[in-house]
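Scroll down for the structure; my scribbles are underneath it.
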Amino acid sequence: MDIKAALMEPKTWMIVSSVVVVVMLGIGPMMVDSGDLADLAEGEFGEFYTNASDADKETIEESVEMDAYFFGATNIALALFILGFAFLTEGTTRSKSAVFCGVSLILWAIYSQGELDMGALGFYSVVSAPMIITGALDLKEDE
């Protein structure tokens with residue numbers, strides 16, 4: 001199979017998207033260290049964190065750490081979900097799955113941030129776009 005044919009396959013982009021999500025948005029947030037944790041807590045809570053006592057700061061950091069871990073674990077689960085569709089389906093079903101998985105990632109970007117965060121939405125859209133496009137083009141060819 002040549003490179004052009006491989007890049008036109010929804011399966012290829014489902015695998016690439018899954019790997020990107022696992023590495024950047026799954027493992028990364030789960031591996032937050034204490035220095036980054038303080039920065040995340042300050043960014044999320046602002047002056048409330050800055051002016052808090054040491055005990056309160058520790059509680060806030062624990063909460064932020066749990067949120068980051070949950071975010072990472074959920075992204076890994078979504079990536080496994082996409083990989084399952086990539087390897088366990090074929091033909092028209094895989095094309096539909098690619099579109100479905102791409103749109104699901106974009107919706108997760110909106111939901112996971114709790115607001116319309118354009119940075120997260122942009123990142124997930126860039127990761128999802130090849131899946132959606134190749135899935136839609138493959139569906140068009142099957143007609």
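Note that the numbering runs from 1 along the sequence shown for the chain. Keep in mind that the numbers below use all heavy atoms, side chains included, and drop hydrogens, waters and symmetry copies.
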Considering all heavy atoms, the nearest [X]-[Y] contact:
| X | Y | answer |
| --- | --- | --- |
| Ala98 | Met14 | CB-SD, 3.9 Å |
| Ser128 | Gly102 | OG-O, 3.2 Å |
| Pro29 | Ala68 | CB-O, 3.4 Å |
| Val22 | Ala79 | CG2-CB, 3.3 Å |

Rounded to the nearest 0.5 Å, how far does [atom2] of [Y] lie from [atom1] of [X]?
| X | Y | atom1 | atom2 | answer |
| --- | --- | --- | --- | --- |
| Phe71 | Ile76 | CZ | CD1 | 11.0 Å |
| Asn51 | Phe45 | CG | CZ | 14.0 Å |
| Glu65 | Ile60 | CD | CD1 | 14.0 Å |
| Ser112 | Asp67 | OG | CG | 11.5 Å |
| Glu42 | Lys57 | CD | NZ | 8.0 Å |
| Thr134 | Glu9 | OG1 | CD | 8.5 Å |

(message) Applying ring-ring contact (aromatic ring centres under 6.0 Å, His included), can you list everything that pairs with Phe70, at least two apart in sequence or on another chain?
(response)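 Applying ring-ring contact (aromatic ring centres under 6.0 Å, His included) to Phe70 gives none.
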
(message) Once side chain to side chain contact (heavy atoms under 4.5 Å, CB included) is applied, do any residues pair with Thr89, and if so which ones, sequence neighbours excluded?
(response)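 Result, side chain to side chain contact (heavy atoms under 4.5 Å, CB included) vs Thr89: Phe85, Thr93, Arg94, Ser97.
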
Single-linkage hydrophobic cluster [X]~[Y], side-chain heavy atoms < 4.5 angstrom:
| X | Y | value |
| --- | --- | --- |
| Phe81 | Met24 | yes |
| Met31 | Met66 | no |
| Val126 | Leu121 | no |
| Met118 | Leu107 | yes |

(message) My understanding is that only residues two or more places apart in sequence, or in another chain, count here; which of them pass side-chain hydrogen bond (donor to acceptor under 3.5 Å, both in side chains) with Asp56?
(response)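 Partners of Asp56 under the side-chain hydrogen bond (donor to acceptor under 3.5 Å, both in side chains) test: Ser53.
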
(message) Can you list everything that forms a side-chain hydrogen bond (donor to acceptor under 3.5 Å, both in side chains) with Glu61? Sequence neighbours excluded, please.
(response)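 For Glu61 the side-chain hydrogen bond (donor to acceptor under 3.5 Å, both in side chains) partners, ignoring immediate neighbours, are Tyr49.
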
(message) Under a 3.5 Å distance rule, please check whether Ser63 uses its side chain to pair with a backbone N or O of Thr59 as donor and acceptor.
(response)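 Not at all, since once roles are kept as given, no pair shorter than 3.5 Å links the two residues.
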
(request) Please tell me if the side chains of Ile132 and Ile106 come closer than 4.5 Å, counting only heavy atoms from C-beta onward. (result)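 Yes, side chains in contact.
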
(request) Check whether any side-chain heavy atom of Lys96 lies under 4.5 Å from a side-chain heavy atom of Leu139, and answer yes or no. (result)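 When only atoms from C-beta onward are counted, Leu139 and Lys96 do touch, with a gap below 4.5 Å.
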
(request) Sequence neighbours left out, what pairs pass side-chain hydrogen bond (donor to acceptor under 3.5 Å, both in side chains) with at least one residue falling in residues 10-29? (result)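 Not a single pair qualifies under side-chain hydrogen bond (donor to acceptor under 3.5 Å, both in side chains).
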
(message) Per the side-chain hydrogen bond (donor to acceptor under 3.5 Å, both in side chains) rule, what does the pair list look like for residues 71-83, sequence neighbours excluded?
(response)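 The answer is Asn75-Trp108, Asn75-Tyr124.
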
(message) Exactly one of Ile15, Ile82, Val99, Val16 should register a side-chain contact (heavy atoms from CB on, under 4.5 Å) with Met131. Which one does?
(response)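 The residue from Ile15, Ile82, Val99, Val16 that satisfies side-chain contact (heavy atoms from CB on, under 4.5 Å) with Met131 turns out to be Ile82.
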
